[in-house]
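Single-structure report; data block below.
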2 protein chains.
Amino acid sequence: MSKIDYIKTSEIFKALSNPIRLQMVDFLLDDECCVTDVVNELGISQSASSQHLSILKNSGIVYPEKHGTRTCYKVNNKLTEEIITLLKKINND
Amino acid sequence: MSKIDYIKTSEIFKALSNPIRLQMVDFLLDDECCVTDVVNELGISQSASSQHLSILKNSGIVYPEKHGTRTCYKVNNKLTEEIITLLKKINND
DNA sequence: TTATAATATTATGATATTCTAATATAAAAT
DNA sequence: ATTTTATATTAGAATATCATAATATTATAA
């Protein structure tokens with residue numbers, strides 16, 4: 001049982017505090033995908049998609065893998081993954 | 001395994017996306033306390049404390065119990081409690 | 001080598017957050 | 001009844017967020 005790093009942890013929550021980014025993470029966990037896939041799946045603009053992915057990247061939740069002209073973002077944060085699992089398990093009351 | 005309500009869930013994360021409020025929740029889970037205790041524990045102003053507690057209340061994370069002139073805030077959200085447990089279990093990487 | 005496709009960046013306006021300072025309310029004590 | 005204690009609310013300034021529109025970058029294709 002470790003102490004909570006409130007600053008570091010709150011930054012993760014800040015990244016997840018937007019419904020689009022939350023949906024992005026959920027989508028990226030299922031189907032690791034490039035930006036265009038995210039754009040199509042979520043129905044948002046390319047620019048907004050890129051900016052949201054950048055926020056997730058800067059908070060250490062996802063990382064990009066370049067494949068030619070495409071970029072594939074993958075979730076890379078244990079806390080985030082466990083939280084998504086938790087969200088699917090319990091009915092958020 | 002239920003679907004995630006991204007909007008509702010992101011509102012919880014927004015409430016937890018501030019280090020002070022995160023520490024508040026952690027503190028309230030251990031020692032259920034009145035506003036003055038929170039003020040003393042966290043070393044913030046009475047007004048800021050009250051406003052942060054109000055945000056936690058409005059997001060359904062805590063609820064107030066009036067005892068005379070004091071108000072005791074208690075954590076009342078399963079997701080939040082499980083997340084705090086998770087945070088203490090894993091080393092946020 | 002130019003055109004195209006995929007993604008990133010920047011600027012900007014609208015809105016939201018958060019702090020401090022000041023004031024208000026409500027219960028208990030004097 | 002007035003004062004004190006605990007808490008809440010409001011106003012305002014500084015800063016942050018977010019969407020859109022426009023432009024830049026970079027890798028491949030033609």
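A, B, ... follow the sequence lines: proteins, then strands. Residue 1 opens every chain. Note that the coordinates shown come from a computational prediction; the quantities given were computed from them, not determined experimentally.
Contact check, B:Lys14 against C:dT17: a side-chain N or O comes under 4.0 Å of OP1 or OP2. Proximity of A:His52 to the phosphate of D:dT17: no side-chain N or O atom is located under 4.0 Å from OP1 or OP2. Contact between the side-chain N/O atoms of B:Asn18 and the OP1/OP2 oxygens of C:dT17 is not found at any separation under 4.0 Å. Listed pair B:Thr36 / D:dT7 meets the phosphate criterion, a side-chain N or O lying under 4.0 Å from OP1 or OP2. At the phosphate of C:dA6, neither OP1 nor OP2 sits under 4.0 Å from any side-chain N or O atom of A:Tyr73.
A:Ile20 comes within contact range of the sugar-phosphate backbone alone, with a heavy-atom separation under 4.0 Å but no base atom that close.
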Check nucleotides 9-13 of chain D against the protein and report each pair of N or O atoms closer than 3.5 Å, with its distance, or say if there are none.
from, atom 1, to, atom 2, distance (Å)
D:dT9, O4, B:Ser47, OG, 2.9
D:dT10, O4, B:Gln51, NE2, 3.4

Give me, pair by pair, the N or O atoms of the protein and of nucleotides 24-30 of chain C that are less than 3.5 Å apart, along with how far apart they are.
none

What side-chain donor-acceptor pairs closer than 3.5 Å can you find for residues 42-55 of chain B, not counting sequence neighbours?
from, atom 1, to, atom 2, distance (Å)
B:Ser45, OG, B:Ala48, N, 3.0
B:Ser47, OG, B:Gln51, NE2, 3.0
B:Gln51, NE2, B:Ser47, O, 3.4
B:His52, ND1, B:Arg21, NH1, 2.9

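Rounding to whole angstrom units, CD1 of residue B:Ile44 and C1' of C:dT18 are separated by 11 Å. In this structure, the CZ atom of A:Arg21 is 8 Å from the P atom of D:dA19, given to the nearest Å. Separating the CG atom of B:Asn40 from the C1' atom of D:dT5 is a distance of 14 Å, rounded to the nearest angstrom. Whole-Å rounding puts the B:Asp37 CG to D:dT5 C1' distance at 14 Å. The nearest whole Å value for the distance from the CD atom in B:Glu11 to the P atom in D:dT17 is 18 Å. Taking atom CZ on A:Arg70 and atom C1' on D:dA29, their separation rounds to 14 Å, with Å as the unit. Rounded to whole Å, the distance from NZ on A:Lys66 to C1' on C:dT7 is 7 Å. Here the C1' atom of nucleotide C:dA8 and the CD atom of A:Glu65 are 18 Å apart, to the nearest Å.
Atoms CD and CE, on A:Glu41 and A:Met24 in that order, are 11.0 Å from each other to the nearest 0.5 Å. The OG1 atom of A:Thr9 lies 6.0 Å from the CG atom of B:Leu22; values are rounded to the nearest 0.5 Å.
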Run the side-chain contact (heavy atoms from CB on, under 4.5 Å) check on B:Ser59 and B:Glu11 step by step: do they pass? CA-CA 7 Å; B:Ser59 67; B:Glu11 280 164 8; 5.7 Å; no
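Annotation: side chain of B:Ile83 is in contact with side chain of A:Phe13 (closest heavy-atom distance under 4.5 Å). Contact of the B:Lys74 side chain with the B:Tyr63 side chain is registered, since non-hydrogen atoms from C-beta on lie closer than 4.5 Å. Counting heavy atoms from C-beta on, the side chains of A:Lys88 and B:Ile4 come closer than 4.5 Å. Residues B:Ile61 and B:Leu16 are in side-chain contact: their nearest non-hydrogen atoms beyond the backbone lie under 4.5 Å apart.
Cluster annotation: A:Ile90 and B:Ile12 are assigned to the same hydrophobic cluster (Ile/Leu/Val/Met/Phe/Trp/Tyr, side-chain heavy-atom contacts under 4.5 Å, transitive).
With 3.5 Å as the limit, one finds no donor-acceptor pair spanning the side chains of A:Asn18 and B:Tyr6.
DNA chain D is contacted by both B:Thr71 and A:Ile55; B:Thr71 maps to the nucleotide lying nearer its 5′ end (nearest heavy atom per residue).
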